[in-house]
Amino acid sequence: MIRTHGAGTLRPEHAGQQVTLAGWVARRRDHGGVVFIDLRDASGSAQVVFREEDDAHGLRSEYCVKVTGEVRTRPAGNENPDLPTGGVEVVATSVEVLSEAAPLPFPIEGNTEVSEESRLRYRYLDIRRQQAGDALRTRSRATYLVHEVMRERDFVYVETPNLTRSTPEGARDFLVPVRLQPGNWYALPQSPQLFKQLLMVAGLERYYQLTKCFRDEDLRADRQPEFTQIDIEMSFVDQDDVMELGEAIIGRVWKETLGYELPSPLPRMTYADAMARYGSDKPDLRFGCELADLTEYFSGTTFRVFQAPYVGAVVMPGGAAQTRKELDGWQDWARSRGARGLAYVLVQEDGFGGPVAKNLSETELGGLAEATGAKPGDAVFFAAGDRHESRELLGAARLEIGRRCGLIDESAWSFLWVVDAPMFEPDGEGGWTAVHHPFTGPKPEYADTFQDNPGEALAYAYDMVCNGMEIGGGSVRIHRAEMQQRVFEVLGISKEEAESKFGFLLEAFKYGPPPHGGIAYGWDRVCMLLTGSESIRDVIAFPKTASGFDPLTGAPTPITAEQRKEAGVDAKPRAQEPAPA
RNA sequence: GGUCCUGUAGAGCAGUUUGGAGUGCUCGCCACCCUGUCAAGGUGGAGGUCGCGGGUUCAAGUCCCGUCAGGACCGCCA
């Protein structure tokens with residue numbers, strides 16, 4: 001090594017030692033006759049003292065330097081108790097500039113806010129900054145912890161292909177042209193779902209992998225086109241076994257990195273409860289404001305709008321004090337989410353306000369506070385119509401209320417499992433679509449009957465939710481061809497279609513497939529929560545912007561005509577796949 | 001595909017409401033001064049297609065139209 005010590009490791013007990021440090025010039029304080037340099041490396045930073053004759057005046061921010069000198073305790077009165085190395089300094093005897101640095105596009109030191117655009121453009125400098133570097137280091141520590149847990153539990157780490165077959169999952173595939181077979185394309189995996197099930201057939205019994213997944217959909221703060229999953233599958237297990245493992249992993253990570261002890265076992269909530277009480281399948285339990293179901297309450301109402309299959313409400317504490325402009329703002333907010341508006345009643349000391357109040361009877365208004373839990377000074381927001389849509393609107397309003405009113409305890413952790421989601425939901429065209437994926441099994445009590453009443457059947461599935469964000473989800477899978485066939489029938493997938501799309505899985509299931517189940521964690525999201533980041537981009541070394549652009553490399557780029565020809569982008573497949581009989 | 005926010009010196013911002021000379025702040029950068037600082041200090045200086053294009057106007061950073069980029073959200077993402 002070029003250096004003998006990490007700058008951040010120096011302490012008074014090193015006094016008297018000759019050391020060589022290597023790192024970057026973080027700050028310089030040039031007094032003419034004496035020059036102080038804070039030399040930073042991955043371990044921290046230390047003060048180096050130069051005298052006039054050492055010629056340190058030419059050192060500039062972020063020069064990469066090697067310094068040799070003697071550690072000494074600082075002169076009395078000059079210690080800096082705010083710094084870990086503040087008791088000592090290195091008196092330089094020689095300095096070598098390993099490389100110079102051009103003037104920086106943004107400051108490395110200090111807490112200056114820098115636009116994400118330029119941080120990503122110069123990501124290597126951003127990561128030199130404390131915050132971005134720490135996020136990646138925390139992610140690394142957490143990753144090791146996951147491997148520890150999995151190793152302790154005898155899981156087999158298996159890598160699955162990234163160049164694979166397009167499979168009919170939910171998202172759009174990224175496609176890769178195949179030079180060796182012009183006209184044919186690989187797809188990048190949306191997840192290793194089918195491979196991990198094959199590994200169960202293969203008898204590995206306990207598989208895991210930290211792996212990239214790819215989905216060609218529009219991006220968000222918590223979505224990137226390529227992202228990392230902890231992918232897990234286990235044989236001969238029940239739902240509780242997988243959930244116990246999931247809690248062990250997340251529990252270890254939170255305990256070892258944040259010192260936070262996860263409740264054990266984690267609370268569980270049914271999907272039905274989550275929708276009814278929080279209007280979400282991933283409720284944020286860091287604050288209350290539960291929804292009130294007023295369908296029964298308004299069953300006899302003369303107000304047309306409330307003559308609906310569902311009427312619900314959510315209370316905004318202190319909301320009656322809002323200005324007309326703020327209340328109108330809620331209407332815009334609701335319309336931007338595709339709703340017609342957001343009816344509201346203001347509960348005041350001396351009565352009720354808001355445009356809806358006059359449409360309600362004395363009795364309806366009189367019992368409203370009790371029915372919703374509203375107090376004088378609060379606003380009650382209503383949604384009426386389709387049960388699911390209305391609840392989702394109220395759930396979104398609840399979150400908005402939580403944010404606007406500062407009800408969310410940012411220091412709190414709210415972990416829970418949401419279980420018993422429906423297997424199917426209407427696809428809007430008279431058929432059914434899988435809520436989870438088509439290989440998810442029904443809860444045992446629906447095993448024989450789900451095809452008769454698909455809307456009622458519950459899936460043997462579970463989602464881990466943290467602070468209102470889904471961080472992991474899984475299910476006990478179907479392992480019998482007969483049951484799989486019935487699911488396909490509900491989904492309107494013909495035998496031929498199933499055969500051509502994932503015949504390889506169905507074939508594997510002919511050879512003694514074990515009962516199995518698993519889970520996948522969105523590792524970027526987990527790390528985002530762990531580090532308190534606003535976006536998963538903060539825990540990804542080289543992320544892409546919302547339009548899928550990488551400001552650092554400039555990807556994606558056009559290709560040359562030659563590349564296009566060679567890749568076979570425009571080629572037609574040589575022969576059609578054999579038509580199903 | 002849609003809605004909203006943002007774009008002014010290397011960085012972070014103010015100025016845009018009500019059009020009047022690129023007007024300004026903090027940091028950084030360059031030169032010089034300075035022997036105990038640690039967000040060092042002092043003096044001086046450089047640095048601007050006001051995202052881009054068009055329009056209105058005697059006059060546009062400011063008003064209008066379009067467009068590009070970034071961000072948030074809806075749709076979408078099992």
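Just so it is clear: chains get the letters A, B, ... in the order the sequence lines come, proteins before strands, and each one is counted from 1.
In Tyr186(A), the OH atom is not crowded: 12 or fewer heavy atoms of neighbouring residues, nucleotides or ligands sit closer than 6.0 Å.
Taking atom CG of Asp216(A) as the reference point, atom P of A78(B) lies 12 Å away to the nearest angstrom. Rounded to an integer number of Å, the gap from Arg215(A) CZ to C77(B) P is 11 Å. Between the P atom of C77(B) and the CG atom of Asp173(A) lies a distance of 13 Å, rounded to the nearest Å. Taking atom CZ of residue Arg220(A) and atom P of nucleotide G75(B), one finds them 7 Å apart after rounding to whole Å. One atom, CG of Leu399(A), and another, P of C73(B), lie 12 Å apart when rounded to the nearest Å. One interatomic measurement links the two molecules: CG of Asp332(A) to P of C73(B), which rounds to 19 Å at whole-angstrom precision.
Across all strands, Arg223(A) comes closer than 4.0 Å to base atoms (heavy-atom distances). Among the protein residues, Arg28(A) comes within range of the sugar-phosphate backbone only, with heavy atoms under 4.0 Å from sugar or phosphate atoms but none that close to a base. Using a 4.0 Å heavy-atom cutoff across all strands shown, Asp30(A) reaches at least one base atom of the nucleic acid. Counting non-hydrogen atoms under 4.0 angstrom, Ser547(A) reaches the backbone sugars and phosphates but no base. Residue Thr440(A) is classed as having no contact, given no heavy-atom separation below 4.0 Å to the nucleic acid. Here Gln47(A) lies in heavy-atom contact (under 4.0 Å) with a base. Within the nucleic acid shown, Ser535(A) has no heavy atom closer than 4.0 Å to any nucleic acid atom. The residue Leu104(A) sits close only to the backbone: its heavy atoms come under 4.0 Å of sugar-phosphate atoms, none of a base.
Heavy-atom nearest nucleotides on RNA chain B were determined for Ala546(A) and for Glu89(A), and the one closer to the 5' end corresponds to Glu89(A).
At a threshold of 4.5 Å between non-hydrogen side-chain atoms, the residues Phe488(A) and Glu497(A) do not count as touching. Ile108(A) is listed as a side-chain neighbour of Leu125(A), based on a closest heavy-atom distance under 4.5 Å.
The side-chain ring of His31(A) is stacked on the base of A40(B), judged by centre separation under 5.5 angstrom and plane angle under 30 degrees.
Searching all strands for a Watson-Crick or G-U wobble partner of U3(B) with both distances below 3.5 Å returns A72(B).
Taken to the nearest 0.5 Å, the CZ atom of Arg215(A) stands 13.5 Å off from the CD atom of Gln224(A).
Counting atom types as modelled, Ser191(A) pairs a side-chain N or O with a base atom of A78(B) as donor and acceptor under 3.5 Å. Between the side chain of Arg51(A) and the base of U35(B) there is at least one donor-acceptor pair of N/O atoms closer than 3.5 Å. Counting distance only, with no hydrogens placed and no angle test, the side-chain atoms of Arg74(A) and the base atoms of C38(B) include a donor-acceptor pair under 3.5 Å.
Of the P atoms belonging to C64(B) and U16(B), the separation is 14 Å, rounded to the nearest Å.
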For Gln193(A) and Arg477(A), run side chain to side chain contact (heavy atoms under 4.5 Å, CB included): C-alpha distance rounded to whole Å, both residues' side-chain angles, the deciding distance at 0.1 Å, then the answer.
CA-CA 11 Å; Gln193(A) 180 62 37; Arg477(A) 327 294 183 190; 3.6 Å; yes
